[in-house]
Protein chains: 2
Amino acid sequence: MRPPKTGPADGRKSDSLTMADLAKVAGVSAITVSRALRDSPLVNPETRARIAEIARQYGYAFNVSARNLRLRRSMTVAVVVEMKPTLERQMSGPYPLDLLGGITQELTSSGYSVLLTSLQGGALSHVQAADGVILLGQGAHEDAMHEVQGWGRPMVVWGAVSRHESHVVVGSDNRRGGALAAERFLALGRSRPVFLGDPAHAEFAERLEGFAGTLSKYGITPFTPMVSSFTVTAGAEAVHALLAQHPQIDALFAASDLLAIGAIRALIEHGRRVPDDVSVIGYDDTPLGATYVPPLSSVHQNFIDAGVLLARKIRTLIEGQPATSETLPTHLVLRAT
Amino acid sequence: MRPPKTGPADGRKSDSLTMADLAKVAGVSAITVSRALRDSPLVNPETRARIAEIARQYGYAFNVSARNLRLRRSMTVAVVVEMKPTLERQMSGPYPLDLLGGITQELTSSGYSVLLTSLQGGALSHVQAADGVILLGQGAHEDAMHEVQGWGRPMVVWGAVSRHESHVVVGSDNRRGGALAAERFLALGRSRPVFLGDPAHAEFAERLEGFAGTLSKYGITPFTPMVSSFTVTAGAEAVHALLAQHPQIDALFAASDLLAIGAIRALIEHGRRVPDDVSVIGYDDTPLGATYVPPLSSVHQNFIDAGVLLARKIRTLIEGQPATSETLPTHLVLRAT
DNA sequence: ATGAAAGCGCTAACAA
DNA sequence: TTGTTAGCGCTTTCAT
């Protein structure tokens, strides 16, 4: 038995006003309210306006759960992010936020909700409810990828495009990014370049491929010292070790700005001048790099656009249409290094 | 009429298996499945285990919408973030991500979903469906605050605690942060300090209060030049202008690391040595500041803890219990400046 | 252009 | 410990 409904006039705050209630007030049926509120062309414009006004006036709040149950979809996209409080994470800096911004903007404006999850705890049940899943940073989520794919749910991944043919990946053009750095070094006449970054990360591997591939046309093979993590200190340590063996290096391309900054620090400690003795290019074009002294040259990617694209892809997939992997343009921002 | 259900045995992928289906397989009723899946003590442990196993085996996916409709709550918390692609935003850098990380971690592990919205477009309807709302960065959301409060929905705000008594605010101890900077300068014997930051921002105003309050005990009044935005250039320009009038300054406390870095740049351009001639302290303890040359001293706040606290508060509120505003500890990280 | 009927999948309330 | 009944608020048929 439904409790007696009270209008706003009697002062009691009725916290759940339904379409049926509005219908009663408007003197129509619930389905007409439903249609009116969705701007259906089936309903008389006047009726529609009147109902809209009543809804507004009564503070009606649409019940998303009811619609979702009826429609058998959640109108929700889960975004899985790596948010462990670690300095070693790749998804640090403002980029994930830009990515999230792009995703959210595009998705909310097309009627979807964005569900943020980290997959740390037992968050899987939340993700299961979503109509689609966006994975940010495939590196950390290889297992999550398979899990999600096992559910047969639409999925889009942000990461290295080349690696996995089995699902839709959006990523920036890491190969081109690497090639751009190589071209720059060649133009400067540098002949002993270094690549700094762990190729175990798919995206880094692509950057190295583009870098080494372009250099190889000129018979140059870059040094590729071991780097275990993404931190400033890791970059510095790698360069320290490298200089001991190969003091003659004259150019350095790092897979992230953080590594590049660490490298510059180490270079300077060893008496090398940047960029006079050693040219340095970073990756991601972070504010950190841009405000560093000297301001760091870096390969730029537009994360907001990337987010929008990810969102479009997942929507396409959810709507049952095919989507393909895509690569985003990249360009080199030249600064002091 | 329900379409005939097909088990996984016949090969056809049944995309919506219900509790009733599981019940049929297990030879029990739907409600028993419901209880079993929720680990209700009412159900026989053996039955429960058997049902759990069947659910797993059949790849059952719980229907959140149905539960939410029935329970008349969404088990969802909306997080409203400012994500405009602007350099002037305060919510830049990795902090919002840490904040989001803390929130997500705490909320998902207690059964809630985190809905990310930016309030750019007509995202309000999404937010309305949430059981509670967390506002990140009150500055940009004064209007959103009132809107949400108008709905009578639980709300928690991240920002300056002192300003608004009408709702629950979690923020770091900005006054103490300012006081710490002042104490440091006093200990160094500095007597002509500057505060850099637009006090129109509530949090900045608190930092200034703490700073100026502590200094006033020693009869010192800081310079407070106009600063319009949060960027490096804004910091540099403000200091340029200030030095023209007051060349004798010997300490500078900036409301953000970005401003501090701009300030340092300007100081050096004017021939001042940092920290020999002018001591500088920033705010937020960003990697940007930490890796700067010279490494920037800064007031640190723990954003992950803050996120967790925000999440706890909103949960408390949703559960109908009272919650109070709270202030998080802050400490000064001394580096080279 | 509007309405009536039915049911999406789940769980509280009340039996048994 | 388990089951029956009923209904959360919405929207897709299928009428009118």
Side-chain angles (χ1 to χ4, degrees), chain A residues 1-5 14-52 55 58-76 111 125-126 128-129 131, chain B residues 1-5 14-52 54-55 58-76 111 125 128-129 131:
Chain A
M1 192 62 36
R2 145 167 311 189
K5 271 288 152 46
S14 110
D15 45 336
S16 69
L17 209 53
T18 74
M19 286 189 177
D21 299 324
L22 296 186
K24 220 165 289 173
V25 175
V28 295
S29 71
I31 184 61
T32 300
V33 174
S34 170
R35 291 200 259 248
L37 261 29
R38 278 176 296 151
D39 287 327
S40 160
L42 285 178
V43 60
N44 187 313
E46 289 167 24
T47 319
R48 189 195 315 177
R50 191 160 49 88
I51 292 174
Y58 279 65
Y60 167 74
F62 180 78
N63 187 322
V64 182
S65 298
R67 181 203 51 190
N68 290 348
L69 175 56
R70 177 66 238 236
L71 261 33
R72 294 143 134 257
R73 41 190 312 204
S74 66
M75 290 304 284
T76 276
S125 63
H126 297 262
Q128 269 186 328
D131 291 335
Chain B
M1 194 58 42
R2 144 166 314 187
K5 272 289 155 47
S14 108
D15 44 337
S16 70
L17 209 55
T18 73
M19 285 188 176
D21 299 323
L22 296 186
K24 219 165 289 171
V25 175
V28 294
S29 72
I31 185 65
T32 299
V33 173
S34 171
R35 291 202 258 248
L37 261 29
R38 279 177 294 152
D39 287 328
S40 160
L42 285 179
V43 59
N44 186 313
E46 288 168 23
T47 319
R48 187 196 316 178
R50 191 161 49 87
I51 292 174
I54 292 173
Y58 279 65
Y60 167 75
F62 180 77
N63 188 321
V64 181
S65 298
R67 181 203 50 189
N68 289 348
L69 175 57
R70 178 64 240 231
L71 261 33
R72 293 142 138 263
R73 40 190 311 203
S74 66
M75 291 305 286
T76 276
S125 63
Q128 268 186 327
D131 292 334

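Please read these numbers as outputs of a predicted model, since none were measured by experiment. Letters go in sequence order (proteins before strands), and every chain restarts at 1.
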Indicate, with a heavy-atom threshold strictly under 4.0 Å, whether S65(A) touches base, sugar-phosphate, or nothing.
-> nothing

N68(A) CG to dG9(C) P, in whole Å, measures 13 Å

Assess the side chains of D21(A) and T18(A): does a donor N or O sit below 3.5 Å from an acceptor N or O?
-> yes

Is the distance from OP1 or OP2 of dT2(D) to the nearest side-chain N or O of T47(B) less than 4.0 Å?
-> yes

Between dC10(C), dT11(D), dG9(D), which nucleotide has the shortest distance from any of its atoms to the side chain of R70(B)?
-> dC10(C)

Between G27(B) and M19(A), just flag the one whose closest nucleotide in DNA chain D comes earlier from the 5' side.
-> G27(B)

To the nearest angstrom, the CG-P distance between L22(A) and dG9(D) comes to 12 Å

Locate the shortest heavy-atom distance separating V64(B) from A129(A); write the atom from each residue and the value.
-> CG2-CB, 3.5 Å

Find the distance between CG (N68(A)) and CG (N63(A)) and round it off to the nearest 0.5 Å.
-> 9.0 Å

Residues in contact with DNA chain C, drawn from residues 30-39 of chain A - heavy-atom cutoff 4.0 Å | I31(A), T32(A), R35(A)

When rounded to whole Å, the CD to P distance for the pair Q128(B) and dC10(D) reads 12 Å

Side-chain heavy-atom pair L37(B), F62(B) within 4.5 angstrom cut-off = no

Is a side-chain N or O of R38(B) found less than 3.5 angstrom from the main chain of S34(B), in a donor-acceptor match?
-> yes

Where A36(A) and I51(A) come nearest, the two heavy atoms and their spacing = CB-CD1, 3.7 Å

Correct closest heavy-atom pair for A23(B) and S29(B) would be CB-C, 3.5 Å

Whole-Å gap separating C1' (dA16(C)) and CG (L42(B)) = 14 Å

Of all heavy-atom pairs linking L22(B) and A55(B), the shortest is CD1-CB, 3.8 Å

CZ of R67(B) versus P of dA12(C): gap in Å, rounded?
-> 11 Å

Choose from dC10(D), dC8(D), dT2(D) the nucleotide whose nearest atom is closest to any side-chain atom of V43(B).
-> dT2(D)

Any donor and acceptor pair, going by atom type alone, linking the side chain of R50(B) with main-chain N or O of A26(B) inside 3.5 Å?
-> yes

Are OP1 or OP2 of dG3(D) and a side-chain N or O of S29(B) less than 4.0 angstrom apart?
-> yes

Students should find that the end-to-end axis angle of the helix from dA1(C)-dT16(D) to dA16(C)-dT1(D), with five pairs defining each axis and rounding to 10 degrees, is 30°

Between dC10(D), dT11(C), dG9(C), which nucleotide gets closest to the side-chain atoms of R72(A)?
-> dG9(C)

